[in-house]
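A quick write-up on the structure given underneath.
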Amino acid sequence: MIKSIGQLFFLALSCLAIAILQFSFISSFPGAFNQINIGLIAMVFILFFFGIKSAILFIFFFGSFMDIFSFQFFSFHLLVLATVSLVVYLILENWLTNKSLYSFWVLCLIASVTYGFISSILLFVFSGLGGGFSIFSLYFWQSLLYQSLWLLLVASLFFNIFVSLAKRFKPFFLEKKGVI
Amino acid sequence: MIRIKKNNLFLIFTVVLGLLVFLHLVGATRPLENTLLFLVKPMSGSLYKWGSGFGSAYGERRERDALLMEIDRLKKEVAYNVINNSRWLEIEDENKKLRNQLNFISNNNFKAVVANIMAKEASFSVSDGSRDVIIDKGEGDGLRVDLGVLSDDGVIVGKVIEVNKSTSRICLITTPGCQLAASLQNEDKTKGVTDGNLGLTIEMSYIPQLEKISLNDTVITSGLGGSIPRGLVIGRVSNVKSESNEVWQSAIIEPLVDFNDLTVVSIIVP
């Protein structure tokens, strides 16, 4: 029980740190650099390696912190991340058969595209349909491209670090003696 | 013991989310949110300054080639200025006006609230990548919607568009939809409304064709219809769009500050 509470507290603190980094540090970067979405990367990473329960907990804490800091309508980040996690989870469970780097890349790409579309649609709807629908602007596609590229880059890095540390996903081969 | 099925997870999440939104809307979570923001604000300000410093360094490196071209252009411009000695006096006069503007706050005894920028966030109303700025001062510090925001050297950079208890959202004058009542410092004292243009420049539209606008005319706030006082510098006219068959003409205004370098701003409370 105490261990679980400790783990939850640690997760909440980590989510707070990631939310502050995303909200203040990364948002101040110029051009393509501010498209790095570490919350999304962390969410896909947790979903892929630790399962849906951990991912939902992460979304709850991280999304809540982002919604408190942000001036978008409350629950914007929670809704977007939950929808993305649902899509990614369904694809991971039903379509992908192994947990390789390629599967991780595919999930990251799907997560990035889903995130871009869902957030634009939500912003458009909640601005009273009065704002510009960003899907039709060049900026939307540019930022989606940058976000996806960053996601793939960081995903590769995270995947390799985690695999080398955890030794859970290292490939192994069954060898038959005497056969080359 | 209750076991949670994986399929039910999203249902539970949805219920918790609904509850959270309800508590937020009735204000039950407000003390917790304010405490968290209060604790996070100093860290956010510092992180934003670090990130902004990185941005400036990156920008300088990227603009090296552009700067070399700029040097060539400036050499030609210097030659041009030598020929046009007479214009120097005019520029000197304008400089005096600008210096007066910089001392505006102290001369007019306006109360200014100094705030740190915490973050930038996508603008609600536009889809061209323009971003609003979030500062660490809010309703509790006397801020309200429509107040003018100045850079550290006294040039107006935006206005407050949304206030929370301890934070505020500011639209930058280059963001489309961020409008200011403005006036040109020309012979006609042309009045109009400025609006952001693609997040890069400012456009002053609906100026009658008869009004004479010159390049480098200084644009200031007119003080009409709002909480922003008269005389704050917005920028300089860099281009005039005038067609003889049109009723109106418009002026493109170049801002005097680099919005990427902003880390501290002052909000004028009249």
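Below, chain A is the first sequence line, B the second, and so on; all start at residue 1.
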Pairing residues for A:Trp95 by the side chain to side chain contact (heavy atoms under 4.5 Å, CB included) criterion, not counting sequence neighbours: A:Ile91

By side chain to side chain contact (heavy atoms under 4.5 Å, CB included) - contacts of A:Ser103 (at least two apart): A:Phe48, A:Leu96, A:Asn98, A:Ser100

Atom [atom1] of [X] and atom [atom2] of [Y]: how far apart are they, to the nearest 0.5 Å?
{"X": "A:Phe71", "Y": "B:Ile170", "atom1": "CZ", "atom2": "CD1", "value": "9.0 Å"}
{"X": "B:Tyr48", "Y": "A:Ser27", "atom1": "OH", "atom2": "OG", "value": "6.0 Å"}
{"X": "A:Gln22", "Y": "B:Leu47", "atom1": "CD", "atom2": "CG", "value": "12.0 Å"}

Part of [X] within contact of chain B (heavy atom distance under 4.5 Å):
{"X": "A:Ile26", "result": "neither"}
{"X": "A:Ser64", "result": "side chain"}
{"X": "A:Asn34", "result": "side chain"}

What part of [X] gets closer than 4.5 Å to chain A, counting heavy atoms only: side chain, backbone, both or neither?
{"X": "B:Val133", "answer": "neither"}
{"X": "B:Ser168", "answer": "backbone"}
{"X": "B:Ile134", "answer": "side chain"}

Side-chain heavy-atom pair B:Phe13, A:Leu78 within 4.5 angstrom cut-off: yes

A:Phe25 side chain reached by B:Lys49 side chain, heavy atoms, under 4.5 Å: no

Residue-level contacts of residues 21-30 of chain B with chain A, using a heavy-atom cutoff under 4.5 Å: B:Val21, B:His24

Distance-only polar pair, side chains of A:Ser70 and B:Glu121, donor-acceptor under 3.5 Å: yes

Crowding at CZ, A:Phe61 (>12 non-hydrogen neighbours, <6.0 Å): yes

Leading residue by heavy atom contact count with chain A [cutoff under 4.5 Å; candidates B:Leu36, B:Asn260, B:Asn34]: B:Leu36

B:Met118 backbone acceptor or donor facing A:Ser24 side chain under 3.5 Å: yes

Heavy-atom pair with the smallest gap, counting every atom of A:Gln72 and B:Arg169: N-NH1, 4.3 Å

All disulfide bond (SG atoms under 2.5 Å apart) counterparts of B:Cys171, not counting sequence neighbours: B:Cys178

Working for side chain to side chain contact (heavy atoms under 4.5 Å, CB included), residues B:Glu33 and A:Phe74: CA-CA 12 Å; B:Glu33 290 170 17; A:Phe74 191 82; 4.1 Å; yes

Step-by-step side chain to side chain contact (heavy atoms under 4.5 Å, CB included) determination, A:Phe60 to B:Leu20: CA-CA 10 Å; A:Phe60 176 74; B:Leu20 202 65; 4.1 Å; yes

Among the listed options A:Ile20, A:Asp67, A:Leu16, A:Leu21, the residue most often paired with chain B at heavy-atom distances under 4.5 Å: A:Ile20

